[in-house]
Structure formats: structure tokens, C-alpha cells
Amino acid sequence: MKDLFANLESHETLADGAVLLHGFALADETAILEAIEHIVEAAPYRHMATPGGYRMSVAMTNCGNFGWITDRRGYRYSPVDPLTDKAWPNMPPILQELAENAAREAGYPGFSPDACLINRYEPGTKMSLHQDKDERDFNNPIVSVSLGLPATFQFGGLKRADPVRKYVLHHGDVVVWGGPSRLFYHGILPLKQAQHAELGSVRLNLTFRKAS
Ligand code: MD6
Ligand code: FE
């Protein structure tokens, strides 16, 4: 089976421990988009507040046992959606398997995520340089799936001031990173206006983590 996709997929090493799997999510895109629609019916996108009181330009929701949230009290994982006071929607098997398969492909067998953050970008929105450090165990990688409009991803180093490299992430691309680059600074430049055949003028990003 693998050989069938050999010309569609390729692995690009971004740093020690970080791999870009071009087009890895394309084979299941319809089922993935349906699963996301379901999640969003139960847990709508919302603009969360940063601890400093700013409204995030990227709208977010979650599925899985834990969801990443931010408000005036800080950044953290919560088993409950503060908007609905209910548990987050379950992680659909199609998403769980996508994350586990991508992690295995990138050299992280045994990854079992319990949290999936869904980010929705509209033209003009961005994600400033940050580290992902709210998880309990940095030995687990993060799997990141890009859908819809392309975006320029900045990938730096362990210090905020380290030089960054830029990569364009396209519909269906999956980035897996862990190991020595697990805590590298990264961000997304302001999204450019364009139209995507399936998603319109939107980019979605799913990040799968083991939070607990
Ligand atoms: C994004 N991604 O691609 C933002 N974080 O929209 C992230 O912030 C991110 O892609 C940790 C690991 C992978 C990521
Ligand atoms: Fe991040």
C-alpha cells in the first residue's frame, strides 16, 4: 500500500526530532473534515482570552479527554469545556488513528494522544512565536495537521531570539515533532486571503498531544 503513495508523500526533516510529512492527511480528508464538523456542533469555536487580557485572533475548540484553554487565570488543560460546562467531545477514531500513524511514521511509535486542539485561522490572523509547554511530559511528541488555506510556519530554537526558518504548510500536511526540538519556539505568520476548494477562506490546524 505504502508504495502507492510514494509519489504523493515525502518526509522533510525540519530539525532533530521534527519531521514534515507532506500530504499525509490527504487520503482521509473527507472523513477528517466530517469528524471536525461534528466536534464543532458540540463544542463551537470561540476566541479565548490570554492571561494578559487579549482576545486571541485564532478561534479554538478541542476534542479528547483534555482540552487546551486560556483565560485570565492562565494557560492549562481542562477536562471540561468552559463554554458548555460539559466534557469535550470524544476524539473520533479517524483523528486518533491519523495522529498515531503520523507519529509512528515520524519515528515515535506508541504515541497515544488524549488532547486535540483545533485552531481556526481566518485571513489576517496569526499565532505569535511560542513554546508548547503546558503538557506534563515533554517526552511525547506533538502531531500537527494543517487543513485548508496554506500558512507560513516559523520554526526557531530553544530561545525566543533564535533565528527562525519558514515553511509553508499546505492542506493535508502533518508536522510531527518531539525529542530535541520539542520545546522549540514556533508560530504562524498572518494568513493571506485566498480560497480553498473545501474550506473556503479558512485554515484549520489540529494539534494532538498527550496532556496528562
Ligand atoms: C498552527 N501550531 O500550525 C500552530 N504547536 O496553526 C502550533 O502552535 C504547534 O503546529 C506545537 C506543535 C505543533 C504545532
Ligand atoms: Fe504551538
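Counting starts at 1 for both ligands and their atoms, following the listed order. Values below: all heavy atoms of this structure, side chains included; hydrogens, waters and symmetry mates excluded.
- Going from atom OG of S128 over to atom CD1 of I188 covers 11.0 Å, rounded to the nearest 0.5 Å.
- Atoms OG1 and NE2, from T70 and H47 in turn, are 14.0 Å apart once rounded to the nearest 0.5 Å.
- Heavy atoms only, all atoms of each residue included: L129 and R160 are closest at O-NH1, 3.2 Å.
- Near H186, the atoms of ligand 1 lying under 4.0 angstrom from a non-hydrogen atom of the residue are 5 (N), 7 (C), 8 (O), 9 (C), 11 (C).
- In this structure, a donor-acceptor pair under 3.5 Å is absent between the side chains of Q154 and Y185.
- Taking every non-hydrogen atom of I142 and a distance limit under 4.0 Å, the qualifying atoms of ligand 1 come out as 11 (C), 12 (C), 13 (C).
- The closest side-chain donor-acceptor pair between S78 and R76, if any, does not fall under 3.5 angstrom.
- For ligand 1, the atoms sitting less than 4.0 Å from at least one non-hydrogen atom of I188 are 1 (C), 3 (O), 4 (C), 6 (O), numbered in the order shown with element in parentheses.
- Below the 2.8 Å limit, the Fe ion (ligand 2) has as protein N, O or S neighbours H130 NE2, D132 OD1, H186 NE2.
- Among all protein heavy atoms, the one lying closest to atom 6 (O) of ligand 1 is Y121 OH, 2.4 Å.
- The hydrophobic cluster containing W88 also contains W68, counting ILVMFWY residues as joined when their side-chain heavy atoms lie under 4.5 angstrom apart, directly or transitively.
- Considering backbone and side-chain N/O atoms, N119 never comes within less than 3.5 Å of an N/O atom of ligand 1.
- Among M127, R203, H130, the residue whose heavy atom sits closest to atom 8 (O) of ligand 1 is H130.
- Counting non-hydrogen atoms of neighbouring residues, nucleotides and ligands closer than 6.0 angstrom, the OH atom of Y54 reaches no more than 12 such neighbours.
- Between the CE atom in M127 and the CZ atom in F153 there is a gap of 10.5 Å [rounded to 0.5 Å].
- The protein non-hydrogen atom at the shortest distance from atom 11 (C) of ligand 1 is D132 OD2, 3.1 Å.
- Among residues two or more places apart in sequence or in another chain, the side-chain hydrogen bond (donor to acceptor under 3.5 Å, both in side chains) test is passed with N101 by R104.
- The protein non-hydrogen atom at the shortest distance from atom 2 (N) of ligand 1 is N205 OD1, 3.6 Å.
- In this structure, R120 satisfies the cation-pi test against Y45, with its NZ or CZ atom closer than 6.0 Å to the six-membered ring centre and inside 45 degrees of the ring normal.
- A salt bridge does not link D114 to R136: none of the charged side-chain nitrogens sits closer than 4.0 Å to a carboxylate oxygen.
- Among protein heavy atoms, atom 10 (O) of ligand 1 sits closest to S144 OG, 2.7 Å.
- Taking every heavy atom of T207 and a limit of under 4.0 angstrom, the matching atoms of ligand 1 come to 9 (C), 10 (O), 13 (C), 14 (C).
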